Amino acid sequence: MTLLTPYPEGGVTEDGFLGGRLRLRQPAEGYRAAIDPVLLAAAVPATAGQRVADLGCGVATAGLCLMARVSGLAVTGLELQPALATLAEENAALNARLNDGGARLRVLQGDVASPPPELAAEGTDRGGFDHVMLNPPYLEPGAVRLPEQPLRRIAMVEGPATLGTWLACALGLLAPRGSLTVIHRADRIERLLSLLAPHCGDIAIFPIWPRRGEAAKRILLQARKGHGGAPRLLAGLVLHDSEGAYTAEAQAVLRDAQGLLWQG
């Protein structure tokens, strides 16, 4: 895997998230955070005082969105690309007010295939992290035309670290009964279940519907390490109404920083 320069050559923009509650610096070209990390953060059942790992944290969008909703968290992000890790650290400082109440965001640069020892050490005294969230590359190599922009290609297309590698890293960091939350393509459900079912239970699948009556393209999947229980298919979230505007339920998550409801 080729690592890019420590800072994006195309420059950065500063953008608002959660209705302006967050200001995030991100590359002007290539990989840019959209709604997926916001939805991911909204699904994590964290409470004050817990520890959360964010694998492939990018510019720390999911971590900071989660901290905006839940106070007193310790979030540790792992990011392969130095350019994005640098921006994640800048974003932590830019939104330092979220540290009120003891919250903190730490960013480590490294690979999920061989994570740095500091990552595991963050949760050692509790037997692991309470929660791990991840937004791994969605596309399998060879099945798509590769994006030309390097940051976008690395973020979107699986490299040597496959989906199985990402999930194995997450499971290895989790404390017993800790939660794993992943956002991915809906057509990868079978693969996700085959990788997680031997190690997890209480698996919940939460579809993200583009519009009512349309097939889901994204899902959120949540599981408990070492926990029993059959998989559940939940009602999910409809993003847009018939006019193309966000539904009230979507706005509550994307603009008002509310969590997603996971009842069956």
Side-chain angles (χ1 to χ4, degrees), residues 17-18 24 26 30-45 54-66 69 112 131-141 143-145 147 151-158 161-167 170 179-197 200 203-223 231-242 244-264:
F17 284 76
L18 298 181
L24 298 179
Q26 58 179 334
Y31 172 78
R32 290 177 59 80
I35 68 171
D36 285 1
V38 185
L39 294 169
L40 176 63
V44 177
D54 180 9
L55 303 184
C57 69
V59 299
T61 307
L64 289 168
C65 284
L66 180 58
R69 178 169 62 87
V112 294
H131 309 280
V132 177
M133 58 181 175
L134 58 157
N135 181 13
Y138 288 162
L139 304 175
E140 297 175 276
V144 295
R145 181 178 179 181
L151 276 177
R152 185 173 177 82
R153 182 169 63 248
I154 293 168
M156 293 180 62
V157 183
E158 289 181 5
T162 65
L163 180 58
T165 307
W166 282 80
L167 295 176
S179 81
L180 180 156
T181 307
V182 56
I183 188 165
H184 216 288
R185 292 199 338 249
D187 61 5
R188 299 295 297 277
I189 290 177
E190 183 176 5
R191 181 60 175 156
L192 286 163
L193 290 175
S194 69
L195 291 167
L196 290 174
C200 300
I203 296 175
I205 300 167
F206 190 93
I208 307 297
W209 313 105
R211 289 177 174 80
R212 197 172 303 279
E214 294 185 2
K217 296 180 180 179
R218 294 281 188 271
I219 60 161
L220 286 155
L221 186 150
Q222 191 169 96
R232 296 173 293 143
L233 180 61
L234 306 184
L237 175 71
V238 178
L239 287 176
H240 300 102
D241 62 23
S242 59
Y246 282 124
T247 63
E249 294 79 9
Q251 288 189 48
V253 173
L254 300 175
R255 299 175 187 174
D256 300 331
Q258 292 187 19
L260 288 168
L261 299 177
W262 283 77
Q263 67 264 30

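Residue numbers start at 1 and run along the sequence shown. Predicted, not measured: the structure shown is a model, and the values here were computed from it.
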Minimum-distance pair of heavy atoms, taken over all atoms of [X] and [Y]:
X    : Y    : result
R211 : G244 : NH2-CA, 3.6 Å
R69  : V44  : NH2-O, 2.8 Å
L239 : A250 : O-CB, 3.6 Å
P136 : L163 : CG-CD1, 4.1 Å
A62  : L40  : CB-CD2, 4.3 Å

Is the side chain of [X] donor-acceptor paired with the backbone N or O of [Y] at a distance under 3.5 Å, no angle test?
X    : Y    : value
R185 : Y138 : yes
W166 : L55  : no
R218 : P210 : no

Can you tell me how far [atom2] of [Y] sits from [atom1] of [X], rounded to the nearest 0.5 angstrom?
X    : Y    : atom1 : atom2 : answer
E190 : L195 : CD    : CG    : 10.5 Å
L24  : T61  : CG    : OG1   : 5.0 Å
L192 : H184 : CG    : NE2   : 6.0 Å
L237 : T247 : CG    : OG1   : 5.5 Å
L64  : L18  : CG    : CG    : 9.5 Å
I208 : I183 : CD1   : CD1   : 6.0 Å

> So L134 and D54, side-chain contact (heavy atoms from CB on, under 4.5 Å) or not? Walk me through it.
Replying inline: CA-CA 6 Å; L134 58 157; D54 180 9; 5.7 Å; no
> Going through the distances and angles, do V253 and L260 end up as a side-chain contact (heavy atoms from CB on, under 4.5 Å)?
Replying inline: CA-CA 7 Å; V253 173; L260 288 168; 3.6 Å; yes
> Are any non-hydrogen side-chain atoms of L254 and L39 less than 4.5 angstrom apart?
Replying inline: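 Yes, their side chains come closer than 4.5 Å.
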> Taking side chain as C-beta onward, heavy atoms only, is E214 less than 4.5 Å from V238?
Replying inline: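 When only atoms from C-beta onward are counted, V238 and E214 do not touch, as no gap falls below 4.5 Å.
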>> Among residues at least two apart in sequence or on other chains, which ones pass side-chain contact (heavy atoms from CB on, under 4.5 Å) with R255?
In response: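 Partners of R255 by the side-chain contact (heavy atoms from CB on, under 4.5 Å) criterion, ordered by chain and then number, come out as Y246, Q251.
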>> Within a 6.0 Å radius of atom CZ on R212, are there more than 12 heavy atoms belonging to other residues, nucleotides or ligands?
In response: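 Not buried by this count: 12 neighbours or fewer within 6.0 Å.
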> Going by atom types only, do Q222 and T181 share a side-chain donor-acceptor pair under 3.5 Å?
Replying inline: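 T181 and Q222 do have a side-chain donor-acceptor pair below 3.5 Å.
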>> Evaluate V182 against N135 for side-chain contact (heavy atoms from CB on, under 4.5 Å), listing each step before the verdict.
In response: CA-CA 6 Å; V182 56; N135 181 13; over 6 Å; no
